[in-house]
Amino acid sequence: MLVLAIDTATKACAVGLCRDGKILAEYKINMGMTHSEGLMPQLEQLLQRTGVQKGDIDLIAVSMGPGSFTGLRIGLATAEALAYAWQKPLQGVATPLALAYNLPVQGIVLSPVLDAQKGNYYQALYEWQDGEVKELQGVQVVNKQQLLENLAVQGKPAVILGECNKLEGMELPAWCSLAPDYLRLPQAAGTALAALKAYNPQEQNGIFGLEPYYIRKSEAEELWEQKHGKQ
């Protein structure tokens with residue numbers, strides 16, 4: 001199965017192609033360019049350089065968050081448009097799960113984190129067991145202290161990845177470390193592999209049934225509710 005993957009959950013914009021679990025190509029840019037500017041040119045170049053035709057693609061995968069509200073909307077809208085135009089199935093993937101594919105190493109707890117603003121993080125916990133990713137904790141909104149407490153109760157060495165730059169100056173316990181910079185941000189390869197694992201053609205509910213995993217309200221929504229007296 002040939003999977004086209006899109007990940008726009010963070011500042012990095014990533015697209016990739018995966019055939020039967022083997023990564024054919026991946027294209028990631030983290031240069032401050034907005035996803036509305038860069039995503040379609042990246043997709044066009046990816047297909048052009050690989051010689052893949054739209055008819056060759058069997059599945060479109062898209063990262064669903066949590067993450068950047070605007071980025072998630074752009075990625076999902078693009079994936080839906082391609083799926084509709086090409087008449088291809090669409091599979092959403094939780095961004096933290098896709099991040100867990102960056103480090104397929106057993107014996108450690110993986111803690112993907114994404115910036116939830118105001119000093120908070122979206123955090124989920126995973127562990128590789130017998131070649132499979134096992135979820136240890138679903139996505140929670142936590143501060144730095146809670147982030148480490150959730151890891152401590154697992155009783156194993158842990159690696160934090162994702163949007164963890166703000167943790168670089170923080171003193172971490174000996175059993176906890178930050179992933180290397182080049183492995184931190186989402187890779188389209190992870191989105192593709194997670195989608196390939198999750199995809200079940202018998203459970204498809206149409207192209208336009210997906211909703212991003214926002215978890216919390218956007219800052220704009222919170223400000224609007226404060227202004228208009230909503231709780």
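I29 pairs in a side chain to side chain contact (heavy atoms under 4.5 Å, CB included) with only one of the listed residues (E37, Q42, H35), which is Q42.
V141 has its side chain within reach of I215: a pair of non-hydrogen atoms, C-beta onward, lies under 4.5 Å apart. The shortest side-chain heavy-atom distance between L148 and P173 falls under the 4.5 Å cut-off. Annotation: side chain of M64 is not in contact with side chain of Y214 (no heavy-atom distance under 4.5 Å). Considering only heavy atoms from C-beta on, Y101 comes within 4.5 Å of V133 through its side chain. Put simply, the side chain of P89 does not reach to within 4.5 Å of the side chain of I60, judged on heavy atoms. Put simply, the side chain of Q123 does not reach to within 4.5 Å of the side chain of P112, judged on heavy atoms. Taking the side chain as every heavy atom from C-beta outward, L147 and I160 approach each other to under 4.5 Å. Inter-residue side-chain proximity for L136 and Q154 is flagged as met; some heavy-atom pair is nearer than 4.5 Å.
Cluster membership for V62 and L59, using ILVMFWY side-chain heavy atoms within less than 4.5 angstrom, is not shared. Connection of V159 to V113 is not established within any shared hydrophobic cluster, with ILVMFWY side chains joined at heavy-atom distances below 4.5 Å, either directly or through further cluster members. Note: the hydrophobic cluster containing Y199 does not contain I23 (ILVMFWY, side chain heavy atoms under 4.5 Å, direct or indirect links). L39 and L185 end up in different hydrophobic clusters when Ile, Leu, Val, Met, Phe, Trp and Tyr side chains are linked at under 4.5 Å. In terms of hydrophobic clustering, with Ile, Leu, Val, Met, Phe, Trp and Tyr side chains grouped at heavy-atom distances under 4.5 Å, I57 and Y27 are assigned to a common cluster.
Side-chain N or O atoms of D58 include one that pairs as donor or acceptor with a backbone N or O of L2 at under 3.5 Å. Judged by distance alone, with hydrogens and angles left aside, the side-chain atoms of Q137 form no donor-acceptor pair with the main-chain N or O of L125 at under 3.5 Å. At distances below 3.5 Å, not a single donor-acceptor pair connects side-chain atoms of D181 with backbone N or O atoms of L183. Between the side chain of Q106 and the backbone N or O of D130 there is at least one donor-acceptor pair closer than 3.5 Å. Side chain of W128 to backbone of A100: a donor-acceptor contact under 3.5 angstrom is found.
Rounding to the nearest 0.5 Å gives a distance of 10.5 Å between OH of Y126 and CG of L161. Atoms NZ and CG, on K11 and D115 in that order, are 8.0 Å from each other to the nearest 0.5 Å. From Q53, atom CD reaches atom OG1 of T50 across 8.5 Å, with rounding to the nearest 0.5 Å. Here the CG-OH distance, from L72 to Y213, works out to 11.0 Å after rounding to the nearest 0.5 Å. With rounding to the nearest 0.5 angstrom, the CG atom of L47 is 6.0 Å from the CG atom of L4. Once rounded to the nearest 0.5 Å, the distance linking OH of Y182 with CG of N102 reads 10.5 Å.
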*Check the pair Q140 / Q146 against side chain to side chain contact (heavy atoms under 4.5 Å, CB included), numbers first and verdict last.*
CA-CA 10 Å; Q140 297 180 5; Q146 293 167 329; over 6 Å; no
*asked:* If you apply the rule salt bridge (Lys or Arg N to Asp or Glu O under 4.0 Å), what do you find for E168 with R184, and how did you get there?
replied: CA-CA 12 Å; E168 288 182 336; R184 290 181 189 176; 2.8 Å; yes
*Does the pair L110 and E127 meet the rule for a side chain to side chain contact (heavy atoms under 4.5 Å, CB included), with working shown?*
CA-CA 6 Å; L110 297 176; E127 184 179 4; over 6 Å; no
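Of all heavy-atom pairs spanning C18 and L193, the tightest one is SG-CD2, 3.8 Å. Taking every heavy atom of both residues into account, K88 and G55 meet most closely at NZ-O, 3.3 Å. C13 approaches T8 most closely through the heavy-atom pair SG-CG2, 3.9 Å. Of all the heavy atoms in V93 and A98, the pair that sits closest is CG1-CB, 4.1 Å. Considering every non-hydrogen atom in both A14 and P186, the closest pair reads CB-O, 4.3 Å. Contact detail for Y121 and E163: the closest heavy-atom pair is CE2-O, 3.5 Å.
A side-chain donor from one of T34 and S36 sits under 3.5 Å from a side-chain acceptor of the other. Using a 3.5 Å distance cut-off with no hydrogens or angles, the side chains of S63 and T191 do not pair a donor with an acceptor.
With a 6.0 Å radius and a threshold of 12 heavy atoms from other residues, nucleotides or ligands, Q145 has its CD atom at or below the threshold. Within 6.0 Å of NZ in K28 there are more than 12 heavy atoms belonging to other residues, nucleotides or ligands.
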Listing, residues 75-86 side-chain donor-acceptor contacts under 3.5 Å, not counting sequence neighbours, or none:
unit_1	atom_1	unit_2	atom_2	d
T78	OG1	I74	O	2.8

